[in-house]
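When reading the values below, keep in mind they use all heavy atoms of this one structure, side chains included, and skip hydrogens, waters and symmetry mates. To find a chain, count down the sequence lines: A is the first, B the second, and so on, and within it residues start at 1.
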Amino acid sequence: MSEKNMDKRKGNTFNRVILKLLGNEKWQHLTIPIFLIFLSFIAASIIILSLGKNPLGAFYNLLQGAGILPKPSYAGYKSMLTDFLSLLNYMTPMIFASLAVAIALKGGLFNIGVSGQMLLAGFFATILIGYSELNWVIAKPLVLLIGIIAGGILGGLIGFLKYKFNINEVVSSIMFNYIIQYVLSFFIHSYYIDPVSRQSKYINDAARLTLVNVELINLKMDISIGFVIAIILAIVLKQFFDKSRIGFEIKAVGANSKGAKYAGINVGKTMILTMVLSGIFSGLAGVTYYLGYFASIQPKTLPSVGFDGIAVALLGNTNPYGIIGASFIISIIDRGSTYMSSMAGVRKEIASVITGMILLFSACSAYIQYRIRAKKDSLAFMAGREAEE
Amino acid sequence: MYEYIVEMRNITKRFPGIVANDNITIQIKKGEIYAILGENGAGKSTLMSILFGMYEPDEGEIWIRGERVKILSPNHAAKLNIGMVHQHFKLVHNYTVTENIILGMEPIRKLGGLIPYVDIKGANKNIAELSKKYGLQVDPTQKIEDMNVSLQQRVEILKMLYREAEILIFDEPTALLTPQETDYLLDIIEELRKGGKTIILISHKLEEIKRVADRCAILRKGKLIDVLDVKETSTKTMANLMVGREVSLEIEKKPAKFGPVVLEVDNLRVKNQEKVEVVKNVSFKIHKGEVFAIAGVAGNGQVEIADAIAGLTEIDGGSIKLNGVDISKYSIRERTIEGISYIPEDRQSYGLILDFSLGENLALKDYYKEPFCHKGVLNKDAINEYGNKLIEKYDIRSSLGVNTQVRQMSGGNQQKAIVAREIELDSPLMIFVQPTRGLDIGAIENIRKMIIEERDKGKAILLVSLELDEIMSIADTIGIIFNGEIQKIAPAEELTTKEVGEYMMGVTA
Amino acid sequence: MDTLIIDGLSFALPLFIMAIGGIYSERAGITNLALEGLQGFGAFFGALWAVVFSHFFNIPIQKLFYFALLLAMVGGMLFSILHALLCIKFKANQVISGVVINILSMALTVFLTTQINSLVFGALSDKFQIGTSVRFTVPVLSKIPVLGAAFKNLYPFEIVILVIAIIAAYVLNKTRFGLRLRACGDNPHSVDAAGVEVFRVQFKAVLISGALSGLGGISYAYSISTNFSPSIYMGYGYLAIAALIFGNWKILPTLGACLLFGFARSGGYILGQMLEMPSTFSDLIMTLPYVLTLLLLIFFSKSNRPPRALGEIYDKGKR
Amino acid sequence: SKETGPAEGDGMKIAIITSPNGVDDGSFNEDNYNGVLKFIESNPGATVQAVKEPTGDPAASVQAVADIVADYDVIITPGFQFAGISSIAVENPTKKFVLIDSFPEALDGQEEFDNIYAMMFAEEESGFLAGMAAALETKTNKVAVVNGIAFPSNVNYQYGFESGVNYVNAKYNKNVEIVELASYAGTDVTGANVGGNYAGSFADEATGKVIGNALIAEGVDIIFVAAGATGNGVFTAAKEAAGDVKVIGCDVDQYDDGIDGDRNIILTSVLKVMSLNVERALNSIKDGSFKGGNVLLRADTDSTGYVKKEGRHQLSADTIAKMDEAYELLKKGEIVPAANFNGYTPESFPGLP
Ligand SMILES: Nc1ncnc2c1ncn2[C@@H]1O[C@H](COP(=O)(O)OP(=O)(O)OP(=O)(O)O)[C@@H](O)[C@H]1O
Ligand SMILES: Nc1ncnc2c1ncn2[C@@H]1O[C@H](COP(=O)(O)OP(=O)(O)OP(=O)(O)O)[C@@H](O)[C@H]1O
Ligand SMILES: [Mg+2]
Ligand SMILES: [Mg+2]
């Protein structure tokens, strides 16, 4: 009996601590994800411990590998700065891809075809500009432009098929993913293959959206131009959805398309526009991936970041700033894992398991928010009653 | 033996930010018809949901047939022989009547004595019999999506009877019915009582309560105000008790002064999704300063006419002229700009965006105009300021003002928000479909007054209503529709309620 | 011609059974993008236990064919608990839950396969070899001209799938459980009001989708590679979703969609062989099923209607 | 597996980076890893760390090398994906690199590097042995080779295989036919049609199976499979085939992949002997004789060969005798099978009687 009471009290203090930490609604959009990431790492720690390795060391190595903490030694021309810059380079396509997913979600659409749109955009930019002799001043903007156009057109087409023929965007996106993957593989293998790397031939540096091997203070850095653009566009997008008329219309169609139609919004046009926008961001993800982080295209492979973006978009609560944060965290895990696996001797797959777990927990964040709210209400009510008595 | 078949003692139920039921005690005798009356959001549905096991009360006890019970789920309630017809029907739209009724209590037979299956055929027969016994006239094999609301409601009633419910709860059963259907339903209710059932009836309509109920509990803002003996109380007293002030439904109406024609509908034809012509060569005119009402039984094409004028439905033929301009090819937005306000029938899916804030919803029709939007950028402050103005003017109640998510608001207040927005558009033509549906009398009074005010300001008003009183009390001209065709158009004073009713049934056609 | 039918069927039927799993889940109102992960995990689980049993009890692995099928269904079902919990208990966004499960399934099975291979079998491998399945030909029926090919060179799993599919169709359309399940996808409130626990029905539906996906996964493991390896994640789960949407969430039309995929695929190979196109063109031929689907969708999508309450998080209070 | 952290003390710190299947792929990567393990066995002070790069993308693979290069003395990089390590090697002159199955990418015209030991293998020799084995063992007198994509390494295998069959036909007076499906003809990197059976992918098991079935339907009973994961599909087809169809494995001993219940479909496997050469390279680093450079390894260093270990093949003694005879000629350079770019053709190469 008394034990039970004890338990209850213990439970209560635990509850109170959690409430204290997560209860403030103003900060919940930050505190809850951080809490969940923390939980994921605890779960991962248990796995690592059970393999007989030191989890803290492993996580430390993870951060070192990602360029967040300094490594004990660096290779020639490398430092924490170069590692950090390559982290940013790596996360650029992820930000764009997640934003693409988020835009569609806001408009009530599910863009599962981000990978296909990325591939298409990357392909056209590669063959049209990547192999040309254009000066960088012209080449780089053109690469972006082609990414925007290719992604936008394909996204728009998916929207159009939905609007005109009621073809579910999930189905058409999946079909396009396959078609693009195979058709482009044909063209790459037929015309653009590099027999050594077995991928498309490397593009010229002038067209690359990442400045590679920039020599500075005896370091060779990879500076991602795309990253800067991604951050700027994320900010623009946030304002767009908060303040702009079109953003309002997209959200209205997403929340209730009948209501939006009644309000005089052209639902079909808005839907297509949403997909065009989403496609544009996919296209940007594509060019920063294939002509930024990489410099060639692996045939018949869809970039997995197009799918990861779905989860990242959610982890970031479809909020552009949240997405930047979520991409940052997932990228750290991805990028740091090679070094972690090398230094701590834990398998690299642990990293994907951690990522999976973060995503898993974050899928429950709405529930946690709801529980906290309920808990708070009942506590407030109890307090109110005690005061009455 | 027990004195009361149902006793709810000291029930309290809180929702975040509101006490929906505050220490309410009601006692219901076996075989009586017990009415519950109250303003929108007074807590009627909540109280009954508790009795039906959908919510757990925070405090209080429930006694059924003299025994203390905890009703944990609707299933549990059903076992106690309690049945409920909800305000929003709980029907599976692509199932047949039978499938809906047997759901949860499926009769099972075995194929070859081994493989179980649901015996639909047998159930069809049973339900046909049941329906006949209570005179409900329902075809068990018809699909719900093909039925009108009145029929759907009878399915809900059959559902309870099939479950052998003894205590039947009706939550605003007549809100969607025509007068004839209402009469029919009330007959059924009396029939059921004769059969020994106990009935709890939530309604905003005092005449109905007066007609069938024995006693009536009055709720206001979550509290029980009084329980009255209906036979000895006037409707007026009931109304006043409920709202907490004097109300009158007699609208003072100055004689109409018609101006030039505002809306001219000529030979309008509309087909529905199944390509069936539901509006057939309809023509009429509405002038400045005129309330033109379309009377008709639900599902006879009146909503399609309204949708067609507002641009929500494509037309199949004919023309629609607004102030002499043919707008039949215009987009919805262009029509709004040209001068149409529209209160749609289905306010939750069309009238509002439930996940948006009240402020945003109040600006839903002009968010893109100055001062709400400047060069494509929205001005939140202007939108909120406007919202606050409307909230004040139309007495829209909500917990967080302009920032309330509309989904959280009570149905009546959602309706008020739509009315406010559409009237404030100040359009020359205002289309009101069922503008007072589900509202309490106080709110009804206000809205009808506003409609008349708008008329007097020189607006042309198209009113579509299923409620004959409403039509009789505010219309200047009445058009009666049956089966997609206008049967008769005449000044309101020249028609009696009875005549209109007959035209509505197509009797005099 | 024979190959067209034989290969077409052996590809279409596993796809079909996964799609039926998807139909169960989605008709109950739970969006299921997790089919891809579920089939992978199911295949992993079935292969794992087949290998373990054959290793420790010295049973020839071919004898464990039905055992592997069964365990794959169990595995798919176990993993689907995750989707059910997330969607039903934790009210997570169902689309996201599906995607997360796919990511997790892939990470977990690859990790576990190598780990188990090295720890349990002392072998370094990312595969579980499950042996070939026998194939058989139905004596008389296979002699029918043209269509007889449908009875030639069958995998036993094709029969298992057909039997289960028929049962599944019966259960969905004729039984009490099916009636309640379909009602959940259209209007869960009505189910609740009828005194049936919506959550339970949905939970079972998701578990069934897991079991059926597992069956589909292990079938592919047998018919394509005779092993479990990460290459099981070929996107067929997504294809199954496309098929069921194409089939308008109904079992028979979905079978049509799956057969279309299957025959377009085997037909593509045959076309390539007949036209003697060099191997570089095989990529173009591979697009045939998808292009065909898109074209057909243009004509057949107009009346497509998902279950009304699909993807909605069911909340009793919300009306 | 051995997963030790970097060593304390001054033993040699070795890293092996693989993509994407890891050192326990039971195949290519594992063979290289075994070479390292052998070296450690005799030099217990040395340690190895296996690192996996999961995408298999060249840029990502090179990036993975860059991530860890600072912490090791020797980096083993098996696979063409790592051809791009040249710049890392230049930037880290004190580190040693062993690149397998590829030469490093040229950097400003420089093709060989002091600290990269890059080895490639004469695939045509292995292919030649496979062709011999197939031609000598076939009962239907129909054999075939299945490849992934017509990259030089694959064409070398194909031409070598055809050379081997032709050699047997000429020398032992047989009439073995090489079956090619016109629809899977390969186009090599110069755009020339090289025939053969190419799946068009290294990772498409389903297509592999279709090709396998088509060949078996043509009466082929021995198939040489040099097609990466696509080959698994061919194996499946062979396992399911009613008759007595066998396959010849490639690169490493694939006997375990051939198990099908109580039988095995692997006739033999032809090898790139990587473990031995990795071990040799490590030894040279240890004793200071390490020399960077690009080498093409042949039979003369026992770097190509085939499996004749008891219980890992199903060749007849007679076949082995004949193959060993030819192997000696390969060693001496008296037989030079045709390769993609060595100027010979399967119909005409040195050593063909
Ligand atoms: N599930 C819920 N969560 C939060 N608040 C609720 C919930 N259900 C009802 N409420 C609130 O409780 C109050 C009473 O609602 P209830 O549905 O009982 O009103 P009502 O008397 O039926 O009104 P109406 O005449 O409009 O139907 C309202 O303010 C409503 O907003
Ligand atoms: N989950 C909820 N959270 C907050 N408020 C709710 C919730 N569920 C219901 N309510 C509020 O309770 C009100 C009363 O519900 P009720 O079922 O009576 O609907 P209603 O909108 O009044 O319908 P009608 O107009 O047909 O009378 C709802 O309008 C809604 O605003
Ligand atoms: Mg109510
Ligand atoms: Mg109401």
*What part of A:Ile368 is in contact with chain C, defined as an atom under 4.5 angstrom from a non-hydrogen atom: side chain, backbone, both or neither?*
neither

*With ring centroids as reference points, do A:Phe35 and A:Phe361 lie under 6.0 angstrom apart?*
no

*Tell me, out of C:Leu104, C:Ile285, C:Leu288, who's got the most heavy-atom pairs with chain A below 4.5 Å.*
C:Leu104

*asked:* Quick check: C:Tyr238 with A:Tyr178 (ring centres under 6.0 Å apart)?
replied: no

*Select one option (side chain, backbone, both, neither) describing which atoms of C:Val291 are under 4.5 Å from chain A's heavy atoms.*
both

_A:Ile310, part contacting chain C, at a heavy-atom distance under 4.5 Å_ = both

*For the rings on C:Phe11 and C:Phe261, is their centre-to-centre separation under 6.0 Å?*
no

*Indicate yes or no for a side-chain donor-acceptor contact from A:Ser173 to the backbone of A:Glu169 under 3.5 Å, with no hydrogens or angles considered.*
yes

*asked:* Show the nearest heavy-atom pair for residues C:Glu26 and C:Pro307, with the distance to one decimal.
replied: O-CG, 3.5 Å

*When only pairs under 4.5 Å are counted, which of C:Leu108, C:Val95, C:Val110, C:Asn102 shares the most heavy-atom pairs with chain A?*
C:Val95

*Counting only heavy atoms closer than 4.5 Å, note whether A:Phe110 contacts chain C via side chain, backbone, both or neither.*
side chain

_Sidechain-backbone polar pair: C:Arg265 side chain, C:Met286 backbone, donor-acceptor under 3.5 Å_ = no

*Contact part of A:Lys164 toward chain C, heavy-atom cut-off under 4.5 Å: side chain, backbone, both or neither?*
backbone

*Between C:Thr287, C:Ile241, C:Ile103, C:Ile96, which shows the greatest number of heavy-atom pairs under 4.5 Å with chain A?*
C:Ile96

_For C:Phe281 and A:Phe186, I'd like to know if the aromatic rings sit close, meaning centre-to-centre distance below 6.0 Å._
yes

*asked:* Distance alone, cut at 3.5 Å: any donor-acceptor contact between the side chains of C:Ser213 and C:Gln39?
replied: no

_Portion of C:Leu297 that has a non-hydrogen atom of chain A nearer than 4.5 angstrom_ = both

*asked:* For chain C, which candidate among A:Leu105, A:Leu302, A:Val170, A:Ile174 shows the most heavy-atom pairs at distances under 4.5 Å?
replied: A:Ile174

*Quick one: of A:Thr355, A:Ile180, A:Leu314, A:Leu359, who has the most non-hydrogen atom pairs under 4.5 Å with chain C?*
A:Leu314

